[in-house]
Amino acid sequence: MTHRIKSFEDYQTLYDRSVADPEGFWAEQASTFQWRKTWDRVLDWNFEGPDVKWFVGGKLNITENCLDRHLETRGDQVAILWEPNDPTESPISYTYRELYHAVCRMANVLKSRGIQKGDRVCLYMPMVPELAIAVLACARVGAIHSVVFAGFSSKALADRINDATCKMVICSDGNFRGSKVIPVKDIVDEALKTCPTIETNLVLKRTGQEVAWHADQDVWLHEAYQGVSDECPAEEMDAEDMLFILYTSGSTGKPKGVVHTCGGYMVYTEFSFKNVFQYDEGDVYWCTADIGWITGHSYIVYGPLLAGATTMMFEGVPTYPDAGRFWQICEKHKVNQFYTAPTAIRALEAKGLEYVKPYDLGSLKVLGSVGEPINEEAWHWYDDNIGAKGLPIVDTWWQTETGGIMISPLAGITPLKPCHATLPLPGIQPVIVDAEGNEVEGNDVEGLLCVKFPWPSMLRTTYGDHERCKNVYFSAFPGKYFTGDGVRRDEVGNYRIIGRVDDVINVSGHRIGTAEVENAIDEHPNVVESAVVGYPHDIKGQGIYAYIICQQHPSDMETLRAEILSIVTKVIGPIAKPDKIQLVNGLPKTRSGKIMRRILRKIADGTSDKLGDTSTLLDPSVVDEIRDGVLI
Ligand code: WTA
């Protein structure tokens with residue numbers, strides 16, 4: 001097991017060592033895992049390529065570290081504890097031994113359907129144990145998983161399948177989500193009409209609803225399991241072989257496939273999991289994220305299982321059957337570490353304390369937050385009502401691209417400051433730069449957040465387009481990884497993340513590119529042009545505000561609004577639906593034709609009295625018109 005930090009002095013010593021001798025430090029952590037062959041060199045890197053390799057020449061399989069190596073010591077301990085959507089349905093648990101066999105069985109099914117090392121497999125599934133099992137089964141046979149959040153539309157799913165030229169998709173018949181039943185297979189069927197590389201669609205029976213059947217490619221998972229062995233030797237992987245692709249939004253319309261590799265990701269997710277959450281033997285750890293996002297990859301599946309933890313998975317939503325569900329589950333399963341998103345905290349806060357009071361939250365030891373800046377009010381509500389003012393809150397800053405938590409308190413060790421992610425983990429070297437790229441030193445400063453030295457779980461490329469990886473992350477400030485976030489460092493060196501500085505909106509902790517939403521809206525036959533910005537939203541953190549120009553004046557605003565929402569749902573998914581839509585005659589553009597979003601953002605958040613200089617606009621009068629306009 002990697003080093004478990006026990007005190008603040010220990011953290012400081014370790015941090016200093018990780019900066020003075022990163023290779024020695026990470027070699028020591030990595031040596032606690034099971035490798036088929038040890039690495040030849042700890043690190044090769046340059047950020048110009050970028051070309052970053054950790055544990056060069058090392059051979060391993062991450063699932064041997066998540067499963068096999070625990071069998072002797074904790075074979076009968078619960079690995080995954082699953083709580084269904086419907087509280088009257090029974091929870092299911094898998095011990096490490098049961099999980100090992102389940103993963104081997106699924107791995108054998110993948111192999112029997114022609115999946116080999118290096119093939120891409122798309123997972124589009126509800127939050128059921130089979131999703132975690134499928135993730136691990138891919139890793140076991142050396143296939144690259146690409147999990148797509150099951151709230152994305154068939155079009156978004158097809159784009160992701162095609163970008164990665166996946167050979168197989170694994171889905172379910174349906175998905176129980178709160179009071180709704182989502183027709184997962186119908187969505188996949190629609191997507192597969194335009195996905196020529198898919199050979200097999202493996203379907204888990206979850207809801208039992210009727211589904212259309214295409215015998216040439218559809219296979220029921222329970223039928224595929226028949227006669228399959230529950231032992232499956234793990235494929236030997238190079239430390240730098242791809243482990244997975246995960247798509248995320250950026251400033252352009254096309255989502256990018258962030259690539260993570262086996263060795264470094266393994267070492268960093270285990271190390272960060274244990275130290276941030278201070279997980280103790282026997283604890284029940286619960287992260288409420290969906291495995292469709294990076295948080296679920298790193299801190300529901302890989303990090304906890306690598307550390308031999310009991311990790312809980314929840315199928316449902318926080319408000320079903322009522323807004324007390326999270327707290328009811330914490331009481332029922334005696335949860336010790338609880339990790340959620342600010343948007344969930346705000347939504348539950350709005351429902352009132354009567355949903356919290358009935359439950360005994362005495363088992364909780366650590367609270368966590370992730371995905372977006374947590375505001376002062378939500379932080380205190382969490383602290384007062386869930387933590388009874390006595391628990392550490394770890395505000396963890398990180399990204400899909402960073403693979404693991406980068407800046408965060410270590411629970412009970414790092415002095416807390418509300419709404420601050422506080423200090424970098426060992427091995428992480430953040431720097432603040434100004435717009436010209438000069439390093440801003442000292443404390444009580446603000447700027448753009450970069451990282452100046454590689455860490456093991458950083459992205460290696462964007463799938464199929466290395467240039468894009470270079471341009472987006474490594475070109476703005478040569479020699480540094482640029483996060484896209486603005487940040488403040490306080491008087492004593494604590495970091496506070498301010499939010500995105502690019503054209504990415506963070507809606508309920510989910511990243512959505514403004515260009516993606518604009519492209520979707522522009523598909524409406526009557527829309528000539530649109531511009532989308534984020535604005536502060538009480539529950540979601542940021543809401544989506546769309547300005548649209550129509551070709552012909554719409555006769556019925558209600559219909560137009562409904563049509564636009566439906567197009568966005570169809571092209572991206574319901575998470576990207578605009579909250580506000582305003583019809584305008586023109587957009588504020590510079591003489592070179594660039595939309596000045598700064599102005600649109602100010603109008604959207606109601607601070608249009610502070611517009612600043614608008615003299616560079618082609619037609620400054622559009623601003624007044626937009627400001628006086630009304631929503632449809
Ligand atoms: C934001 C989620 C403030 C940030 C793990 C980042 C945060 C983006 C925090 C990444 C936090 C994440 N405080 N902002 N604790 N955590 N963010 O890729 O803007 O879905 O760049 O990864 O979320 O989102 P992603």
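Note that this is a predicted model, so its numbers are computed, not measured. As the structure lists them, so they are numbered: ligands from 1, and atoms in each ligand from 1. Note that the numbering runs from 1 along the sequence shown for the chain.
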### Pair Phe314 + Trp82: ring centers closer than 6.0 Å
no

### Query
Is the centre of the Tyr495 ring less than 6.0 Å from the centre of the His420 ring?
no

What atoms of ligand 1 come closer than 4.0 angstrom to any heavy atom of [X]?
| X | result |
| --- | --- |
| Thr295 | 5 (C) |
| Asn506 | 1 (C), 23 (O) |
| Pro373 | 3 (C), 13 (N), 14 (N) |
| Asp395 | 11 (C), 13 (N), 15 (N) |

#### Entry: Contact with ligand 1 for Gly371, non-hydrogen, under 4.0 angstrom
yes

### Query
With a 4.0 Å cut-off on heavy atoms, is Trp398 touching ligand 1?
yes

### Query
Hey, mind stepping through Val487 and Ile432 against side-chain contact (heavy atoms from CB on, under 4.5 Å) and telling me if it holds?
CA-CA 7 Å; Val487 69; Ile432 300 182; 3.7 Å; yes

May I ask you to identify the nearest protein heavy atom to [atom], giving residue, atom name and distance to one decimal place in Å?
| atom | value |
| --- | --- |
| atom 13 (N) of ligand 1 | Glu372 O, 3.4 Å |
| atom 18 (O) of ligand 1 | Thr400 OG1, 2.5 Å |
| atom 4 (C) of ligand 1 | Asp485 OD2, 3.1 Å |

### Task
Report yes if some N/O of Arg500 lies less than 3.5 Å from some N/O of ligand 1; otherwise report no.
yes

### Task
Could you tell me whether Val370 and ligand 1 have an N or O pair separated by under 3.5 Å?
no

### Message
Please work out, at 4.0 Å between heavy atoms, whether the side chain, the backbone, both, or neither of Arg511 comes within that distance of ligand 1.
### Response
side chain

### Side chain, backbone, both or neither: Thr396 near ligand 1, heavy atoms under 4.0 Å
backbone

### Message
Please check: side-chain N/O of Asp383 versus main-chain N/O of Gly387, any donor-acceptor pairing under 3.5 Å?
### Response
no

### Query
Counting N and O atoms only, with roles assigned by atom type, does the side chain of Arg488 sit under 3.5 Å from a partner on the main chain of Ile497, one being a donor and the other an acceptor?
no

### Task
Evaluate whether atom CD of Glu439 has more than 12 neighbouring non-hydrogen atoms of other residues, nucleotides or ligands under 6.0 angstrom away.
yes

### Tyr320 and Arg177: side chain donor to acceptor below 3.5 Å
no

### Query
In terms of the angle between their ring planes, are Phe474 and Phe47 parallel, tilted or perpendicular, with boundaries placed at 30° and 60°?
tilted

